[in-house]
Amino acid sequence: MVKIRLASEQDYDAVERIMKQVQKMHVDWRPDIYMDTDPVLPYDRYLAHLAEQQVYVADLEGEAVGLLICLVRHISGGPVRERDVLFVDSMAVEERYRGRGIGRRLFDTVLQLCREQEYDGLELQVNARNTKARDMYEKYGFTEKSVNMEFRG
């Protein structure tokens, strides 16, 4: 049974392993933008996220097999309404455990956090080539807010 819990310092190696898997996907899709880097999530940054209780893991029999990093973004100024939005910075599942509903469990957790803390919204970014993730988010009712475009000349 998968349990979603706040991450601990001891989860760093598993979190970093999963982050590397995601980074590899991005590098494979867009080597012109993404590069192999080690570490993907530096330890001091991980500890800073932990201190703010921003990291959750999907725990399967004592092993972290998925991760969720969520941040609060305060939006204000200019012509936009002032808001506090929960932002999904990273969400991923260990390759060998994908397709088992673990991503949905993680996402249900962030939705619950958003409702309990009464944030003004929940936002995320997803790579245009990550069709499985996009499909999941759309099933949850997410719609496009904006589209990043590029010219590669």
Would you say that more than 12 heavy atoms from the other residues, nucleotides or ligands in this model lie under 6.0 Å from the CD of E116, or not? yes
Taken to the nearest 0.5 Å, the spacing of S90 OG from L41 CG works out to 7.5 Å
CZ of R30 to CG of N127, rounded to nearest 0.5 Å, is 8.0 Å
Worksheet item: What class does the angle between the rings of Y12 and Y43 fall in, given that below 30° is parallel, 30 to 60° is tilted and above 60° is perpendicular?
Response: perpendicular
d(W29 CH2, R129 CZ) to nearest 0.5 Å is 8.5 Å
CD (Q54) and CG (L86) are apart, to the nearest 0.5 Å, by 9.5 Å
*Would you indicate whether the side-chain heavy atoms of Q125 and D89 approach each other to under 4.5 Å?*
no
Contacts of E144 meeting salt bridge (charged side-chain N to carboxylate O under 4.0 Å, His left out) (sequence neighbours excluded), chain-then-number -> R134
In this structure, CG of L122 is separated from CD of Q117 (nearest 0.5 Å) by 13.0 Å
Is there a path of hydrophobic side-chain contacts, each under 4.5 Å between heavy atoms, that joins Y140 and I4? yes
- Message: For D28, is there an ion pair with K24 - N to carboxylate O distance below 4.0 angstrom?
- Response: yes
Scanning both residues in full, the closest heavy-atom pair of A133 with V126 reads CB-CG2, 3.8 Å
Nearest heavy-atom approach of L106 to V57 is CD2-C, 4.3 Å
message = With heavy-atom distances below 4.5 Å as the criterion, would you say the side chains of M136 and M91 are in contact?
response = yes
Closest heavy-atom pair, V93 versus Q21, reported as atoms and distance to 0.1 Å, is O-OE1, 4.1 Å
Q | Flag if over 12 foreign heavy atoms under 6.0 Å of CD, E138 | A | yes
Apply side chain to side chain contact (heavy atoms under 4.5 Å, CB included) to residues I69 and R45 and explain how you reach the verdict. CA-CA 12 Å; I69 301 174; R45 191 163 147 217; over 6 Å; no
- Does a salt bridge link R73 with D84, judged by any charged N lying under 4.0 Å from a carboxylate O? no
To the nearest 0.5 Å, atom SG of C114 lies from atom CD of Q112 at 11.0 Å
* **F142 with L68, same ILVMFWY side-chain cluster at under 4.5 Å** => yes
Practice task
Could you please spell out the steps behind the side chain to side chain contact (heavy atoms under 4.5 Å, CB included) verdict for Y119 and V85?
Solution key: CA-CA 6 Å; Y119 291 108; V85 174; over 6 Å; no
Below 4.5 Å, heavy atoms only, C-beta onward: do E82 and I75 meet side chain to side chain? no
- prompt: Is there a side-chain contact between C70 and Y56 (heavy atoms, below 4.5 Å)?
  reply: yes
ILVMFWY cluster, Y137 and L113 together (side-chain gap under 4.5 Å)
yes
Heavy-atom closest pair (Q53 atom, L6 atom, distance to 0.1 Å) is NE2-CD1, 3.8 Å
**Asked** Taking a hydrophobic cluster as the set of Ile, Leu, Val, Met, Phe, Trp and Tyr residues connected by side-chain heavy atoms closer than 4.5 Å, whether directly or through intermediates, do L71 and F107 fall within one such cluster?
**Response** no
Legend entry - Salt-bridge present (D36, K20; N to O < 4.0 Å): no
Going through the checks in order, is the salt bridge (Lys or Arg N to Asp or Glu O under 4.0 Å) test met by E63 and R17? CA-CA 12 Å; E63 179 186 4; R17 182 180 66 248; 3.5 Å; yes
message = Are more than 12 heavy atoms, taken from residues, nucleotides or ligands other than R96, located less than 6.0 Å from that residue's CZ atom?
response = yes
Is D11 reaching over with its side chain to a backbone N or O of S8, donor-acceptor style, under 3.5 angstrom? yes
All heavy atoms of G66 vs all of I18, minimum pair found to be N-CD1, 3.7 Å
Between Y46 and M19, is there a shared hydrophobic cluster once you connect ILVMFWY residues whose side-chain heavy atoms come closer than 4.5 Å?
yes
Sequence neighbours excluded, the answer for salt bridge (charged side-chain N to carboxylate O under 4.0 Å, His left out) partners of K3 is none
### Message
What I'd like to find out is whether the side chain of E16 reaches to under 4.5 Å of the side chain of D38, using heavy atoms alone.
### Response
yes
Shortest non-hydrogen pair, R83 vs D120, comes out as CA-OD2, 3.3 Å
